[in-house]
> 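Attaching a single structure in structure tokens format; questions to follow.
Numbers for residues simply follow the sequence, beginning at 1.
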Amino acid sequence: MRNKSIIAEAQQIQFAVEMIQLGARLQLLQEETSLSRERLLKLYKEVTGRSPSKGMLPYSTDWFISWQPNIHSSLFMGIYQFLAKNASLLSDLELLIKSYRLYLEQIGVSGNEPILSITRAWFLIRFLDANMLQLTPCTACNGHFVVHTNELYKEYVCGICRPPSRAGKTRRLAAQPSSFPEPPCKIT
Ligand SMILES: [Zn+2]
């Protein structure tokens, strides 16, 4: 940080604190900020009162395809892409933080628990950038959903329009309020 201005560093710290509060893993902060590992470690302990988890990061693309995670991931990507298109002045990190906050808000409004962590949301964006995952429209509701790249989805129907039978007892995502930019799926 020797050549960086104090203001720039303060901003990095502010972003890091926000990310930690949203549950981001330390590795993600190292990747996304220019702060040293030592400073991030200190910051992490100060914000959460504990040491960061040392477990493996969730690298698999399969998680995003399973039923409920897919609905949450697709909802998040809908918000992310809307913001990326309409708030072009945001930095990548601001975009992630803002999209994730909106995702939490949206899930809260529908009375569901968030399933997608900010660390997974970060991976999701990277998997889409790397073309390992892509978005495909549901032929029933026209919402866009996360799928594996290079698989054929001619008549794709999403997990909201055609939930698996075991989903009967689980509450579905409730109808989206009008404030939501581009709902990935209309619920009828
Ligand atoms: Zn659908």
Side-chain angles (χ1 to χ4, degrees), residues 1 9-81 83-84 90-108 110-135 145-151 158-159 163-164 166-167 169-173 184:
M1 298 298 298
E9 195 189 350
Q11 201 172 37
Q12 293 271 304
I13 291 173
Q14 192 203 319
F15 284 147
V17 168
E18 268 190 76
M19 299 274 284
I20 294 167
Q21 284 168 340
L22 289 170
R25 296 280 296 270
L26 194 71
Q27 293 95 321
L28 202 153
L29 301 167
Q30 280 179 265
E31 198 77 38
E32 288 295 327
T33 70
S34 51
L35 301 171
S36 71
R37 189 184 153 78
E38 290 65 39
R39 298 204 75 182
L40 287 170
L41 208 61
K42 258 191 179 169
L43 207 58
Y44 194 99
K45 283 184 188 162
E46 207 176 308
V47 173
T48 64
R50 58 181 173 80
S51 295
S53 147
K54 288 198 178 77
M56 287 273 288
L57 285 177
Y59 283 114
S60 160
T61 54
D62 291 340
W63 184 87
F64 299 100
I65 307 302
S66 53
W67 176 61
Q68 264 196 326
N70 188 259
I71 295 171
H72 283 244
S73 306
S74 304
L75 172 73
F76 172 80
M77 274 323 289
I79 297 169
Y80 181 86
Q81 291 195 326
L83 280 185
L90 295 178
S91 69
D92 287 356
L93 203 53
E94 286 174 296
L95 199 56
L96 172 67
I97 292 171
K98 276 201 175 22
S99 310
Y100 192 71
R101 282 200 192 285
L102 279 170
Y103 158 75
L104 290 181
E105 221 176 277
Q106 197 58 35
I107 292 299
S110 67
N112 287 269
E113 289 294 318
I115 293 178
L116 183 75
S117 68
I118 192 165
T119 302
R120 284 214 200 259
W122 181 80
F123 269 107
L124 177 60
I125 295 162
R126 256 130 215 90
F127 287 147
L128 271 121
D129 283 348
N131 230 3
M132 293 161 79
L133 293 173
Q134 64 180 35
L135 294 172
F145 289 82
V146 177
V147 293
H148 279 302
T149 306
N150 298 330
E151 276 178 39
C158 78
R166 68 183 157 80
K169 283 177 192 150
T170 318
R171 229 185 324 171
R172 290 185 189 190
L173 281 173

> Check for a donor-acceptor pair, side chain of Gln12 on one end and backbone N or O of Ser34 on the other, with a separation under 3.5 Å.
yes
> Can you find a heavy atom in the side chain of Leu104 that is under 4.5 Å from one in the side chain of Tyr100?
yes
> Report, as yes or no, whether the 6.0 Å neighbourhood of atom CZ on Arg37 holds more than 12 heavy atoms from other residues, nucleotides or ligands.
no
> Within the distance-only criterion (no hydrogens, no angle test), does the side chain of Ser66 pair as donor or acceptor with the backbone N or O of Pro69 below 3.5 angstrom?
no
> If you take all heavy atoms of Ile125 and Met77, which pair is closest and at what distance?
CG1-SD, 4.3 Å
> Hey, what do you get for CG (Leu90) to CD1 (Ile97), rounding to the nearest 0.5 Å?
10.0 Å
> Taking CD in Glu151 as the centre, count heavy atoms belonging to other residues, nucleotides or ligands within less than 6.0 Å. Is the count above 12?
yes
> Do Glu32 and Trp122 have side-chain N/O donor and acceptor atoms under 3.5 Å apart?
yes
> Do Leu135 and Val147 have side-chain heavy atoms sitting under 4.5 Å apart?
no
> Rounded to the nearest 0.5 Å, what's the gap from NZ on Lys45 to CG on Leu26? Could you check?
10.0 Å
> So Ile107 and Glu113, do their side chains get closer than 4.5 Å, heavy atoms only?
no
> Got a second to check how far Phe76's CZ is from Leu96's CG, nearest 0.5 Å?
5.5 Å
> Answer yes or no: is there a donor N or O on one side and an acceptor on the other, between the side chain of Thr33 and the main chain of Gln30, under 3.5 Å?
no
> Say whether, by atom type as modelled, one donor and one acceptor occur between the side chain of Asn112 and the main chain of Ser110 under 3.5 angstrom.
yes
> Are any of the side-chain heavy atoms of Leu102 and Leu83 separated by less than 4.5 Å?
yes
> Under a 3.5 Å distance rule, please check whether Arg25 uses its side chain to pair with a backbone N or O of Gly55 as donor and acceptor.
yes
> Among Phe127, Phe123, Phe64, which residue meets the ring-ring contact (aromatic ring centres under 6.0 Å, His included) test with Tyr59?
Phe123
> Just verifying a value: how many Å separate Met132 CE and Leu124 CG, rounded to the nearest 0.5 Å?
11.5 Å
> Looking at Thr149 and Leu133, would you say the former's side chain and the latter's main chain have a donor-acceptor pair under 3.5 Å?
yes
> Show the nearest heavy-atom pair for residues Leu40 and Ala16, with the distance to one decimal.
CD2-CB, 4.0 Å
> Quick check for you: to the nearest 0.5 Å, what is the distance between Arg101 atom CZ and Ile118 atom CD1?
8.0 Å
> Give, for atom NZ of Lys42 and atom OG of Ser36, the distance between the pair rounded to the nearest 0.5 Å.
9.0 Å
> Between the side chain of Tyr103 and the main-chain N/O of Leu116, is any donor-acceptor distance below 3.5 Å?
yes
> Could you tell me whether the side chain of Ile79 reaches within less than 4.5 Å of the side chain of Lys98, counting heavy atoms only?
no
> Is the CG atom of Asp129 crowded by more than 12 outside heavy atoms at less than 6.0 Å?
yes
> Which pair of non-hydrogen atoms, one from Gly159 and one from Trp67, has the smallest distance, and what is that distance?
O-NE1, 2.7 Å
